[in-house]
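What follows is a set of notes on a single structure, which appears directly below.
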Amino acid sequence: MTLRKQIDEAVAYIRKHTKIRPEVGVILGTGLGGLVKEIRKEMVIDYDEIPHFPISTVESHHGKLIFGTLAGKKIVAMQGRFHYYEGYTMQQVTFPVRVMSDKVGLGVKTLLISNAAGGMNKIFRRGDLMLITDHINLQGDNPLIGPNDDELGPRFPDMSEPYDRRLLSLANKIARELKIKIKHGVFVAVQGPNLETRAEYRFLRNIGADAVGMSTVPENIVANHMGMRVLGISIITDECFPETLKPVSVEEIIKVANKAEPKLTRIMKELVKRL
Ligand code: HPA
């Protein structure tokens, strides 16, 4: 079955179950589900009900599409995302973005993505927020590999501005108004699932990355392919300085993400309001 047919079937199923036509989409990262509580929910659909949707395997992720309103805007939120390290293909990881899109899907023009990331920039501290200004794809794979469906997007999409400049400046302004300190930087996506060695952190810093994580880039590539505008925010959950690296567990990463999460939620909510 073609990708387009799979998207059409998933969209048809969702449309049968909710009248909401979301204009904003949200993908929430590890330990960052708090925004979901702020959504006035109208419909919740489990991933495993939706045709062709992958099913999430990581315990800290829930696996639901949440439809409702946030700050007066119609929204769809993914509670739980798919990671490449779980064994999904890049096409599976990004399938929900295709389904959300305004081009052939539910109507989303603006996609907000959050993630937990390791900080490599020396001025970053645990619990900081970082607006993603640009990215480096080091996952060794790409969701656009294979035949291109020109109705979904171009064969060779431009990536000169993968994170929308207007959204970035709006998020910046909002952070200032809310007196929330926010950093900026380049995000690099790696495969995982292991965290990096000191030598790898040194390498990633040297090639120009400020934060490292295992998600976001595939979703961003597909969103750009389909002409959506994207805002990406990382929560820096651990300090990845090769000189002083200490062991870190996923429990600690989630704890830091949970603690910093309210700042992220406040910014995202205000941003949605002003879209
Ligand atoms: N690498 C290192 N630290 C992290 C990551 C990562 O991919 N994600 C969250 N903290």
Side-chain angles (χ1 to χ4, degrees), residues 27-35 56-62 78-88 90 93-94 112-143 162-163 182-221 231-265 268:
I27 305 176
L28 301 166
T30 308
L32 303 173
L35 189 76
S56 52
T57 63
V58 175
E59 250 178 78
S60 52
H61 290 70
H62 291 278
M78 281 182 77
Q79 193 175 33
R81 65 141 62 93
F82 303 103
H83 297 89
Y84 190 62
Y85 63 73
E86 293 174 88
Y88 301 111
M90 283 279 170
V93 167
T94 55
L112 313 179
I113 310 179
S114 67
N115 63 41
M120 296 178 294
N121 185 318
K122 283 177 186 159
I123 69 161
F124 290 3
R125 292 295 172 267
R126 266 154 60 109
D128 279 354
L129 295 189
M130 182 191 91
L131 287 174
I132 303 175
T133 54
D134 206 345
H135 76 221
I136 299 172
N137 179 14
L138 275 195
Q139 291 199 305
D141 199 349
N142 190 303
Y163 300 87
I182 201 152
K183 306 283 205 307
H184 300 83
V186 173
F187 176 83
V188 60
V190 294
Q191 288 190 348
N194 59 280
L195 303 182
E196 289 66 41
T197 65
R198 290 169 200 267
E200 286 165 345
Y201 287 132
R202 191 174 294 115
F203 165 73
L204 296 172
R205 198 166 67 183
N206 285 342
I207 63 167
D210 299 290
V212 54
M214 304 169 195
S215 66
T216 302
V217 165
E219 293 101 317
N220 175 284
I221 290 171
L231 181 80
I233 308 185
S234 293
I235 293 206
I236 304 302
T237 53
D238 47 315
E239 292 165 16
C240 305
F241 310 143
E243 303 79 9
T244 56
L245 190 68
K246 290 186 198 68
V248 61
S249 66
V250 73
E251 289 77 21
E252 282 172 73
I253 287 175
I254 292 172
K255 212 166 100 187
V256 177
N258 282 328
K259 189 152 173 260
E261 197 272 336
K263 294 190 286 188
L264 176 78
T265 297
M268 280 200 171

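Atoms within each ligand, like the ligands themselves, are counted from 1 in listed order.
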Legend entry - Minimal non-hydrogen separation, Thr237 against Ala116, with atom names: CG2-CB, 3.7 Å
Legend entry - Shortest non-hydrogen contact from Ala117 toward Asp238: O-OD1, 3.7 Å
Inset, instruction - Note the single closest protein heavy atom to atom 8 (N) of ligand 1, along with its residue, its atom name and the distance in Å. - result: Ala116 O, 3.4 Å
Inset, instruction - Measure the distances from the heavy atoms of Ala117 to every atom of ligand 1 and state whether one is below 4.0 angstrom. - result: yes
Legend entry - Tyr201 OH to Asn206 CG distance, which is reported to the nearest 0.5 Å: 14.5 Å
Inset, instruction - Quick one: look up the protein heavy atom nearest atom 1 (N) of ligand 1 and list residue, atom name and how far away it is. - result: Glu196 OE1, 2.6 Å
Inset, instruction - Quick one: look at Tyr201 and ligand 1, take heavy-atom pairs under 4.0 Å, and tell me if it's side chain, backbone, both or neither. - result: side chain
Inset, instruction - Identify the protein heavy atom lying closest to atom 3 (N) of ligand 1, giving its residue, its atom name and the separation to 0.1 Å. - result: Asp238 OD2, 2.9 Å
Legend entry - Ligand-residue contact atoms, ligand 1 with Gly118, heavy atoms, under 4.0 Å: 3 (N), 4 (C), 5 (C), 8 (N), 9 (C), 10 (N)
Inset, instruction - Have a look at ligand 1 and work out which part of Ile253, if any, has a heavy atom under 4.0 Å from it: side chain, backbone, both or neither. - result: side chain
Legend entry - Numbered atoms and elements of ligand 1 in range of Gly213, under 4.0 angstrom, heavy atoms: 7 (O)
Inset, instruction - Say whether Ser215 and Glu219, considering side chains only, have a donor N or O and an acceptor N or O under 3.5 Å apart. - result: no
Inset, instruction - If you have a sec, work out which protein heavy atom is nearest atom 6 (C) of ligand 1 and how many Å separate them, to one decimal? - result: Val212 O, 3.5 Å
Legend entry - Passing candidate, salt bridge (charged side-chain N to carboxylate O under 4.0 Å, His left out) with Arg205, options Glu200, Glu243, Glu239, Glu196: Glu243
Legend entry - Numbered atoms of ligand 1 (with element) below 4.0 Å of Thr237, judged on heavy atoms: 9 (C), 10 (N)
Legend entry - Distance in Å, Tyr163 OH paired with Asp134 CG, rounded so as to fall on 0.5 Å steps: 7.5 Å
Inset, instruction - Could you grab the distance from atom CZ of Phe241 to atom CZ of Arg198, nearest 0.5 Å is fine? - result: 13.0 Å
